[in-house]
Amino acid sequence: MIYRLVQIARKNSSVYRVLQRTMATESSKFREMYPDIEPYDTGMLKVSDIHQVYYEQSGNKNGNPVIFLHGGPGGGTSARDRTFFDPNVYRIVLMDQRGAGKSLPAAELKENTTWNLVADVEKLREKLGIEKWVVFGGSWGSTLSLAYAETHPDRVKALILRGIFTLRRKEVLWYNQEGANFILPDLYEEYIEPIPQVERCDLIGAYYRRLTGSDEKVQLECAKAWSKWELKTSKLYVDDSYVARAEADIWALQFARIECHYFVNGGFFERDDQLLANVDKIRHIPTTIVQGRYDLVCPMETAWKLHRAFPEAEFHIIADAGHSNKEPGTQSKLLDACDKYKNL
């Protein structure tokens, strides 16, 4: 749309100058990430007989501790995740959850549940000698952040949550079965292509059988189709460089297998709305919620439910954003939130 406006405005020099000034003003509102930094500490934490999880620390060794909980589940962390935080103030901790990123074994589903991950976060806190920390999580990371905070509220200084996902059945079905397809039918066709017509009444189950099956070729084909669906739909505009991540065989298997595993098992919750039902346990914790209005992966209805149940939390709707934390408005608001809590 903006390109069409530019084309029209160019035919009128005075209008074009006004549009240029407006675009410059709007872009100046957006914040850049903090500079790239390298970890000063990395390691593998053995959390079970099967699993070792990768962790790293960067920023100020004596600073305010913050842990970044990645999405997916299965997505893993990246160097960019460090740069939400002021490195002069924050002691920045990143962790790859079980089976994801650099954690071992890759894409392993055994002993891989929400509550295993909550326990891992707590084990890492204890290992690092941290009393309390700020917890930052987006998408599935928001799910895990809420689960961790509701389990260990005394260990959380503040919560920064983005793209709220509570893994209720209707949230999963909206995106992976029917709902998002009404808006993105062209991309949806690519997502369902590996699944025969007769099995499309239960796409999650059909994918799970293939992602956990013995045919490695089919497993990889389905892993890439599943992963591309999410990467293509995460931004308002498809970002081909972002989608290219799904071409990496191991990453696609980690992302698709683990995510589908959690969906099939209802997030391993005792009740469908467990995180929303238990929100009273964390209403005393300073919290910021950032939600893209046009988020199709984790639609705003869930964030709105959380906002209604947790009115004390600061709530921001980003009017021109989808799901990704890389979209300018969302990125800027997350940076603001991180700055807000850096001196707790």
Side-chain angles (χ1 to χ4, degrees), residues 33-34 36-48 51-73 75-98 100-104 113-138 140-162 275 278 281-289 313 325 334-344:
M33 301 288 276
Y34 280 100
D36 291 339
I37 52 172
E38 293 299 318
Y40 63 77
D41 174 46
T42 63
M44 300 293 286
L45 176 64
K46 188 171 179 60
V47 292
S48 79
H51 291 276
Q52 298 180 68
V53 297
Y54 169 82
Y55 69 89
E56 63 174 52
Q57 300 188 81
S58 57
N60 184 343
K61 293 181 181 181
N62 300 309
N64 183 19
V66 60
I67 184 165
F68 181 99
L69 299 180
H70 66 70
T77 58
S78 69
R80 179 179 178 273
D81 299 331
R82 306 169 194 142
T83 62
F84 279 105
F85 313 102
D86 183 343
N88 295 314
V89 176
Y90 274 113
R91 178 182 175 185
I92 305 160
V93 181
L94 270 58
M95 181 186 79
D96 287 336
Q97 296 154 31
R98 295 190 184 201
K102 297 177 183 177
S103 293
L104 297 173
T113 74
T114 301
W115 308 111
N116 291 138
L117 303 187
V118 166
D120 295 348
V121 175
E122 187 62 1
K123 287 176 184 175
L124 182 59
R125 183 194 64 77
E126 292 173 348
K127 175 181 174 58
L128 299 180
I130 293 169
E131 182 180 356
K132 298 178 72 172
W133 47 11
V134 177
V135 178
F136 179 116
W140 159 257
S142 76
T143 321
L144 183 56
S145 295
L146 288 167
Y148 175 77
E150 290 177 1
T151 306
H152 301 285
D154 56 330
R155 298 304 181 185
V156 181
K157 289 185 175 185
L159 285 165
I160 302 168
L161 308 173
R162 187 268 313 166
L275 296 179
N278 290 336
K281 295 179 179 180
I282 62 171
R283 285 176 60 182
H284 64 286
I285 298 174
T287 298
T288 298
I289 300 167
N325 67 24
L334 289 171
L335 287 163
D336 289 345
C338 294
D339 285 352
K340 177 180 179 179
Y341 299 125
K342 68 183 181 181
N343 294 316
L344 283 180

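Predicted model only: the values in this text are computed from it and were never measured. All values below were derived from every heavy atom in this structure, side-chain atoms included, with hydrogens, water molecules and symmetry-related copies excluded.
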J.: Under the rule for side-chain hydrogen bond (donor to acceptor under 3.5 Å, both in side chains), what residues qualify as partners of Glu122, not counting sequence neighbours?
T.: Arg125, Tyr148
J.: With heavy-atom distances below 4.5 Å as the criterion, would you say the side chains of Ser48 and Arg98 are in contact?
T.: yes
J.: Rounded to the nearest 0.5 Å, what separation is found between the CD1 atom of Ile160 and the CD1 atom of Ile289?
T.: 12.0 Å
J.: If you define the side chain from C-beta out and look only at heavy atoms, does anything of Trp115 sit under 4.5 Å from Thr151?
T.: yes
J.: Identify the two heavy atoms, one from Phe84 and one from Cys338, that lie closest to each other, and give their separation to 0.1 Å.
T.: O-CB, 3.5 Å
J.: Passes side-chain contact (heavy atoms from CB on, under 4.5 Å), Val118 versus Leu144? Steps please.
T.: CA-CA 7 Å; Val118 166; Leu144 183 56; 3.9 Å; yes
J.: How long is the straight-line distance from CZ of Arg91 back to CG of Asn62, given to the nearest 0.5 Å?
T.: 8.0 Å
J.: Considering non-hydrogen atoms only, spot the tightest contact between Gly76 and Ala100 and give its length.
T.: N-CB, 4.0 Å
J.: If you apply the rule side-chain contact (heavy atoms from CB on, under 4.5 Å), what do you find for Leu161 with Thr287, and how did you get there?
T.: CA-CA 8 Å; Leu161 308 173; Thr287 298; 4.2 Å; yes
J.: Look only at the side chain of Asp96 and the backbone of Thr77, and say whether a donor-acceptor pair between them is shorter than 3.5 Å.
T.: yes
J.: Kindly give the heavy-atom pair with the smallest separation between Thr114 and Ala147, and that separation in Å.
T.: CG2-CB, 4.0 Å
J.: Working to the nearest 0.5 Å, report the span between CG of Asn64 and NZ of Lys132.
T.: 11.0 Å
J.: So that I can tick it off, tell me whether Lys102 and Glu56 are bridged by a salt bridge, with the cut-off set at under 4.0 angstrom between side-chain N and carboxylate O.
T.: no
J.: Below 4.5 Å, heavy atoms only, C-beta onward: do Asn88 and Asn60 meet side chain to side chain?
T.: no
J.: Does the pair Val121 and Leu69 meet the rule for a side-chain contact (heavy atoms from CB on, under 4.5 Å), with working shown?
T.: CA-CA 9 Å; Val121 175; Leu69 299 180; 4.0 Å; yes
J.: Near Lys123 NZ, under 6.0 Å, is it more than 12 heavy atoms from other residues, nucleotides or ligands?
T.: yes
J.: Would you check, one step at a time, whether the test side-chain contact (heavy atoms from CB on, under 4.5 Å) holds for Ile282 with Val156?
T.: CA-CA 9 Å; Ile282 62 171; Val156 181; over 6 Å; no
J.: Between Ile67 and Ile130, is there a side-chain heavy-atom distance shorter than 4.5 Å?
T.: no
J.: Once rounded to the nearest 0.5 Å, what's the spacing between atom OG of Ser145 and atom CZ of Phe68?
T.: 9.0 Å
J.: Of all heavy-atom pairs between Leu334 and Asn325, which one has the smallest distance, and what is that distance?
T.: CD1-CB, 3.8 Å
J.: Would you say the side-chain atoms of Tyr34 and Asp339 include a donor-acceptor pair closer than 3.5 Å?
T.: yes
J.: What pair of heavy atoms forms the shortest contact from Pro73 to Gln97, and how long is it?
T.: CB-OE1, 4.4 Å
J.: Test of understanding: with side-chain hydrogen bond (donor to acceptor under 3.5 Å, both in side chains), list the residues that count as partners of Arg155, not counting sequence neighbours.
T.: none
J.: For Asp41, does the CG atom sit with more than 12 other heavy atoms under 6.0 Å from it, leaving out its own atoms?
T.: yes
J.: How long is the straight-line distance from OG of Ser78 back to CG of Leu94, given to the nearest 0.5 Å?
T.: 7.5 Å
J.: Restricting to non-hydrogen atoms, name the atom on Asp86 and the atom on Lys342 that form the minimum distance, rounded to 0.1 Å.
T.: OD2-NZ, 3.1 Å
J.: Are Lys157 and Pro65 packed together at the side-chain level, in the sense that at least one heavy-atom pair is separated by less than 4.5 angstrom?
T.: yes
J.: Could you tell me the separation between the OH atom of Tyr341 and the CZ atom of Phe85, rounded to the nearest 0.5 Å?
T.: 13.0 Å
